[in-house]
Amino acid sequence: MKKVTGFILAVFLTTSFTLAQNAADGSKPQGENLKVPNGWEWRFDKAGADVNVGSDSESADVFFVNMTPGWHITTGPAGIYYHAENKAEGDFTLDSKIYLFDTKGRNREAFGLFIGGQDLKSDDQSYIYFLLRNTGEFLIKKRTGSETSTIKGWTKTDAMTMFTEETESTAENNFQVKVAGNEIIFSLNGEVLSSMEKGELNTDGHYGFRVNHSINLHISSLILSE
């Protein structure tokens with residue numbers, strides 16, 4: 001694991017609503033800053049994978065720490081990350097600001113959010129995920145157990161801020177997933193990318209991050225509102 005260096009980031013986070021008392025939103029660390037956050041859990045795509053998640057960037061397979069505001073993640077294998085208290089149901093809006101660092105040429109690796117997490121520790125896990133990759137494309141899929149199904153295949157969007165040679169240090173993107181009645185709306189940087197009927201898709205449950213292989217991210221906020 002390469003050491004994360006040169007991280008200088010000023011992010012101002014404001015909220016106009018109250019989260020559940022123990023929910024993690026990025027405005028304060030869960031436990032000690034620059035340590036693995038308390039109350040968070042993770043699951044990797046490869047069943048039974050022996051993965052060391054830690055705060056030592058030299059020895060950890062996945063570097064995952066509080067870095068207020070928010071969290072820093074450098075992967076590692078593909079997987080999901082969620083706080084035990086972060087759950088949503090009914091109508092809600094989930095917003096997250098994510099900064100992508102140098103991809104080292106791995107532009108097809110994806111990152112983003114998941115919602116509707118159910119049975120995340122069992123073989124019957126399920127969730128819906130909304131991802132970007134540094135090709136300027138987005139994807140919406142559903143996982144059920146070990147199987148995945150495509151809701152919206154990789155689609156080009158001009159709304160994405162990509163990491164390029166001209167990018168100073170990071171590429172900032174603002175994700176939003178809104179559930180209103182029987183509609184789910186996926187937006188990026190204020191632009192609606194996809195709107196669909198919820199139908200049989202379950203949006204109730206845990207929410208959090210999904211991060212694929214070998215990606216370096218800072219997630220400054222994860223905000224749930226009604």
Just by distance, do the side chain of T144 and the backbone of S126 share a donor-acceptor pair under 3.5 Å? no
Ignoring hydrogens and angles, state whether a donor on the side chain of H72 or N216 is under 3.5 Å from an acceptor on the partner side chain. yes
Aromatic ring pairing H218/Y99, orientation class (parallel under 30°, perpendicular over 60°, tilted between): tilted
Taking side chain as C-beta onward, heavy atoms only, is N173 less than 4.5 Å from L188? yes
Tell me if the aromatic rings of Y207 and F114 count as close, with their centers under 6.0 Å from one another. no
Side chain proximity check, F138 to K152, heavy atoms < 4.5 angstrom: yes
Are any of the side-chain heavy atoms of I219 and F209 separated by less than 4.5 Å? yes
More than 12 foreign heavy atoms under 6.0 Å from NZ of K198: is that the case here? yes
Do L139 and K141 make a side-chain contact, defined as non-hydrogen atoms from C-beta onward lying under 4.5 Å apart? yes
Honestly curious: do I115 and Y81 fall in one hydrophobic cluster under the side-chain, below-4.5 Å linking rule? yes
Where do S221 and S96 come nearest, in terms of heavy atoms and distance? O-OG, 2.7 Å
So, for G90 and F92, which heavy atoms are closest and what is the spacing to 0.1 Å? O-CD2, 3.4 Å
Going through the checks in order, is the side chain to side chain donor-acceptor pair (under 3.5 Å) test met by N174 and Q176? CA-CA 7 Å; N174 295 274; Q176 183 182 89; over 6 Å; no
If only atom types and distance count, is the side chain of T75 paired as donor or acceptor with the main-chain N or O of V62 below 3.5 Å? no
N/O donor-acceptor pairs under 3.5 Å from side chains in residues 35-42, not counting sequence neighbours:
residue : atom : partner : partner atom : Å
W40     : NE1  : Q30     : OE1          : 2.9
E41     : OE1  : Y82     : OH           : 3.3
E41     : OE1  : K121    : NZ           : 3.0

When clusters are formed by joining ILVMFWY residues with side-chain heavy atoms under 4.5 Å apart, either directly or through shared neighbours, do V211 and L120 land in the same one? no
Would you indicate whether the side-chain heavy atoms of Q118 and Q125 approach each other to under 4.5 Å? no
Starting at OG1 of T203, measure out to NZ of K178 and round the result to the nearest 0.5 Å. 12.5 Å
Check: R143 main-chain N/O paired with T148 side-chain donor or acceptor under 3.5 Å: no
Could you go through L201 and I128, starting from their C-alpha distance and side-chain angles, then the distance that decides it, and tell me whether this counts as side-chain contact (heavy atoms from CB on, under 4.5 Å)? CA-CA 8 Å; L201 293 173; I128 299 164; 3.9 Å; yes
Side-chain heavy-atom pair P77, V51 within 4.5 angstrom cut-off: yes
Any residue meeting ring-ring contact (aromatic ring centres under 6.0 Å, His included) with F163, in chain and number order, not counting sequence neighbours: none
Closest non-hydrogen atom pair between E89 and D204, with its separation: CA-OD1, 3.0 Å
Does any N or O in the side chain of N189 come within less than 3.5 Å of the main-chain N or O of A159, such that one atom is a donor and the other an acceptor? yes
Residues passing the side chain to side chain contact (heavy atoms under 4.5 Å, CB included) test with S146, sequence neighbours excluded, are none
For the student: nearest non-hydrogen atoms of A110 and W154, plus distance: CB-CH2, 3.7 Å
So, do R106 and I215 sit near enough that their side-chain heavy atoms are less than 4.5 Å apart? no
So which pairs with a foot in residues 43-54 pass side chain to side chain donor-acceptor pair (under 3.5 Å), sequence neighbours left out? D45-R210
Rounded to the nearest 0.5 angstrom, the OG1-CE distance for T103 and M162 is 8.5 Å
Can you name the closest pair of heavy atoms from L222 and G208 and give their distance? CD2-CA, 4.3 Å
Is it true that the side chains of T68 and N33 contain a donor and an acceptor less than 3.5 Å apart? yes
Separation between CG (N212) and CG (L131), nearest 0.5 Å, reads 6.0 Å
Between CG of N107 and CD of E109, what distance do you get to the nearest 0.5 Å? 9.5 Å
ILVMFWY network linking I80 to F64, side-chain heavy atoms under 4.5 angstrom: no
So, taking the atom named OG1 in T74 and the one named CG in D61, what distance separates them when rounded to the nearest 0.5 Å? 12.5 Å
Report whether Y129 and V177 are members of the same hydrophobic cluster (ILVMFWY, side-chain heavy atoms less than 4.5 Å apart, transitive linking). no
Distance-only donor-acceptor hits, side chain of residues 180-187, under 3.5 Å, sequence neighbours excluded:
residue : atom : partner : partner atom : Å
N182    : OD1  : G199    : N            : 3.1
E183    : OE2  : S195    : OG           : 2.5

With sequence neighbours excluded, what pairs up with S149 under the side chain to side chain contact (heavy atoms under 4.5 Å, CB included) test? K142
Hey, any chance Y127 and F111 share a hydrophobic cluster, counting ILVMFWY side chains that come within less than 4.5 Å of each other, even indirectly? no
Side-chain touch T167/T161, heavy atoms, less than 4.5 angstrom: no
Is it the case that the side chain of S122 and the backbone of D124 share a donor-acceptor pair, with hydrogens and angles ignored and the cut-off at 3.5 Å? yes
How far does CD1 of I73 sit from CD1 of I98, to the nearest 0.5 angstrom? 8.5 Å
